[in-house]
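Notes to accompany the following structure.
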2 protein chains.
Amino acid sequence: MQANSQQDESRSPRYYRIYQALLTDIQHGSLKPGDVLPSEMNIAQSHGVAPGTARKAVDMLVDRGWVERQHGKGTFVRRADFSHSLARFFRLTDREGVQLHPKSELLGVREVPGSAKICRHLEVAENSELIEIERVRRVDEMPLLHEVIYLSRARFHPLLDLPPEEWGDLLYPLYEQVCGEVVFRATDTLSAGPAPEGPARHLGLGAGELVIEITRLARGYDERPLEWRLSRGRLDWFHYSFDIR
Amino acid sequence: MQANSQQDESRSPRYYRIYQALLTDIQHGSLKPGDVLPSEMNIAQSHGVAPGTARKAVDMLVDRGWVERQHGKGTFVRRADFSHSLARFFRLTDREGVQLHPKSELLGVREVPGSAKICRHLEVAENSELIEIERVRRVDEMPLLHEVIYLSRARFHPLLDLPPEEWGDLLYPLYEQVCGEVVFRATDTLSAGPAPEGPARHLGLGAGELVIEITRLARGYDERPLEWRLSRGRLDWFHYSFDIR
DNA sequence: CAGTGGTCTAGACCACACC
DNA sequence: GTGTGGTCTAGACCACTGA
């Protein structure tokens, strides 16, 4: 057996091209969250490579968080789970260290013309119709965060017809069930600044008091922006820790 | 050839045991930062496994940031580089987007008895003699951070004899050159709170004004705590962004 | 040139899930 | 049982580094 020329056509390794092909399938939606990938033997045969090469391509997808292996069952496209994302920033455990889950109170759902800044973030035309969602998230009735969320009306208009009592505590499952839009990843940006009057009141603060600001741009599997949000929280609850190097 | 029983003795795979053996060498100092690892063929032979298995062990070290491969030369134990770590938190670029490097002004180096909290973080006996370093870090003369740093006197006493003009802008290279202590990784924790009078003055603020607080616990290759520091910075310079999922 | 890591092959057997 | 992923072998050739 000879390892026949790894560099036929393109300059990249075979496993990398297979990785890209699978990733494209995921990003274009032919492989949806929850779907099973072809088996590694299958991938190897259909690409005409040895099993080890196909495996390495799948390894890359696993390392980068696109798929999950399940021994004996198969490899599946991951569904993102942001339900604990707030715990990154706030002390959300009770005295026994048990994880607490914030409740959401919906303050309003409005159709608004998009500002230049938000439209740019969402990569839609300026003044596009957007949906603005305002809510407060509480733990044990203590207000933790005030959030303003913007979505493209074109993609998310079914939310406008949803009665308030059907909005749960988490938006992303709603996006998926009601609008068929799936959030895969997000970029959070932390900053701090004075709170405008409305948000301050909901947080039990005076206007202009300093709050932590978390802006988030959430994206789908195809990397297109789906949601932009600005969350404001009390500094005295805030806390974030992570490793470097 | 048969794949003869992967599970002789312990239950873990061979590549994992090789990974652990190499990691132990790094953490115990028989492999120091900058040292070259044995070649993959070498590792394979000395552990009596196929090259691919040895390679997988090295892959794990690479993935976890312990070593770096250099094609054609070898695999080397990494030396951590924290010189850009502040850029994670503060806008440290000029108008052209060029990276700026903060200057450090040494305010004081003192021998102090360790408080209970700090001794616990450093994992030394309560009331152990510590070294306290106070400094201000500036960009373009603008004060960015006020820092208080604690080190074990037993390990770092050579710093006490170092004249102020020989302290550069970065402490970690100093630790290595003067004390032989190498920082490999650190945990940063973000919070916010009112600034005491001293730090506030150095930041150009009034006492009690809110500042961002970054506490850091830095560790060596053997995971033992080397340094604990509390940095306070102006909220209006603060900014942090990262991806989730 | 020899030595290193980078890619790849074509198999093997094991452990787990499901029928 | 079959089919999946998990580990492992014993080689091959390629690309890069440095003497």
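Letters go in sequence order (proteins before strands), and every chain restarts at 1.
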Of the nucleotides [options], which one has an atom closest to the side chain of [X]?
X	options	answer
S39(B)	dC8(C), dT7(D), dT4(C)	dT4(C)
A50(A)	dA10(C), dT7(D), dG5(C)	dA10(C)
P51(A)	dG11(C), dG5(C), dG5(D)	dG11(C)
R55(A)	dA15(D), dG5(D), dC8(D)	dG5(D)
K73(B)	dG5(D), dT17(D), dA17(C)	dT17(D)

Between [N] and [X], is there an OP1 or OP2 to side-chain N/O distance shorter than 4.0 Å?
X	N	value
R69(B)	dG6(C)	yes
T53(A)	dT9(C)	yes
R14(A)	dT9(C)	yes
Y15(B)	dC8(D)	no

Mind calculating the distance between [atom1] ([X]) and [atom2] ([N]) to the nearest angstrom?
X	N	atom1	atom2	result
Q45(B)	dT4(C)	CD	P	10 Å
I43(A)	dG3(D)	CD1	P	17 Å
K56(B)	dT7(C)	NZ	P	15 Å
Q70(A)	dC16(C)	CD	C1'	12 Å
E40(B)	dC8(D)	CD	C1'	16 Å
I18(B)	dT7(D)	CD1	P	13 Å
E68(B)	dT4(C)	CD	P	19 Å
H47(B)	dT9(D)	NE2	C1'	17 Å

_Using a 3.5 Å distance criterion without hydrogens, assess whether the side chain of K56(A) forms a donor-acceptor pair with backbone atoms of T53(A)._
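Checking the backbone N and O of T53(A) against the side chain of K56(A), no donor-acceptor pair under 3.5 Å is found.
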*Would a distance-only check, ignoring hydrogens and angles, find a side-chain to backbone donor-acceptor pair under 3.5 Å from S191(B) to E213(B)?*
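Looks like no, no N/O pair under 3.5 Å.
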*Under a 4.5 Å cut-off applied to non-hydrogen side-chain atoms, are I212(B) and F90(B) in contact?*
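Yes - at least one pair of side-chain heavy atoms lies under 4.5 Å apart.
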*Sugar-phosphate, base or nothing in reach of V58(A), heavy atoms under 4.0 Å*: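 Counting heavy atoms under 4.0 Å across all strands, no contact is made by V58(A).
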*Lys/Arg N to Asp/Glu carboxylate O, R69(A) vs D59(A), below 4.0 Å*: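 Yes, R69(A) and D59(A) are salt-bridged.
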*Any Lys/Arg nitrogen of E105(B) or R138(B) sitting under 4.0 Å from an Asp/Glu carboxylate oxygen of the other?*
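A salt bridge links E105(B) with R138(B).
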*asked:* Let me spell it out: for each of Y16(A) and G72(A), pick the nucleotide of DNA chain C with the closest heavy atom. Which residue's pick is nearer the 5' end?
replied: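 Upstream on the strand: Y16(A).
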*Given that L37(B) and G52(B) both sit by DNA chain C, which one's nearest nucleotide is further toward the 5' end?*
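Closest to the 5' end, via its nearest nucleotide, is L37(B).
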